[in-house]
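One structure below.
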Amino acid sequence: MQAIQNIHDEASGTEGADHALVPLLAGAALAVAAAGAFLAFTEMPSPLRAPCTVVFMVCAPGFAVAAWLRGLDPLGRAVASTAAALALNLLVAQAMLALHLWSARGGVAVVAGISVLLFLFTLLRRPGGRTATRQAP
């Protein structure tokens with residue numbers, strides 16, 4: 001019985017470490033995405049411009065949609081927000097190509113604008129912000 005309890009305690013300890021790693025990874029993704037947006041807007045000749053811009057094009061709408069989907073479990077929210085980010089990028093690219101307005105800088109600007117709007121709609125949807133969810137019943 002003692003061995004089973006020790007295994008359970010060890011598993012609980014690693015679960016806490018995994019939860020502490022998630023904000024660190026999200027912050028790193030945010031930093032790389034911000035660098036990608038900066039490099040895309042300034043058109044600096046850098047070998048990191050393309051990969052960092054791709055990270056921005058997935059993370060910006062992905063984080064905005066993930067904020068919208070607070071009710072889902074974390075894995076479901078990650079899958080749904082990634083799928084929505086890819087769909088948004090495809091729709092923006094298709095619209096820009098159909099209108100003969102294709103440019104990398106314009107695509108980044110449109111995706112950034114839509115991501116900001118999605119995030120603002122998320123903030124407007126929750127009345128009272130975060131303090132309303134913390135109040136005791």
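Throughout, residue positions are numbered sequentially from 1 according to the sequence presented.
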Rounded to the nearest 0.5 Å, what separates atom [atom1] in [X] from atom [atom2] in [Y]?
| X | Y | atom1 | atom2 | value |
| --- | --- | --- | --- | --- |
| Leu118 | Arg125 | CG | CZ | 11.0 Å |
| Leu91 | Leu86 | CG | CG | 11.0 Å |
| Phe38 | Thr53 | CZ | OG1 | 11.5 Å |
| Thr122 | Phe63 | OG1 | CZ | 13.5 Å |
| Cys59 | Leu30 | SG | CG | 8.0 Å |
| Met96 | Leu101 | CE | CG | 6.5 Å |

Check the hydrophobic clustering (I, L, V, M, F, W, Y; side-chain heavy atoms under 4.5 Å; chains of links allowed) and say if [X] and [Y] are grouped together.
| X | Y | result |
| --- | --- | --- |
| Leu88 | Val65 | yes |
| Val108 | Leu97 | yes |
| Val54 | Trp102 | no |

Under 3.5 Å: donor-acceptor pair, side chain of Arg49, backbone of Leu39: no
Examine distances only and state if a side-chain atom of Thr82 and a backbone atom of Val79 form a donor-acceptor pair shorter than 3.5 Å. no
What are the two closest heavy atoms between Leu72 and Ala80, and how far apart are they? CD1-CB, 4.4 Å
Where Ala60 and Ser115 come nearest, the two heavy atoms and their spacing: C-OG, 3.3 Å
The test is side chain to side chain contact (heavy atoms under 4.5 Å, CB included); show your working for Leu21 and Leu24 and say whether it passes. CA-CA 5 Å; Leu21 190 63; Leu24 180 67; 4.0 Å; yes
Report yes if the side chains of Pro61 and Val111 come closer than 4.5 Å at any heavy-atom pair, otherwise no. yes
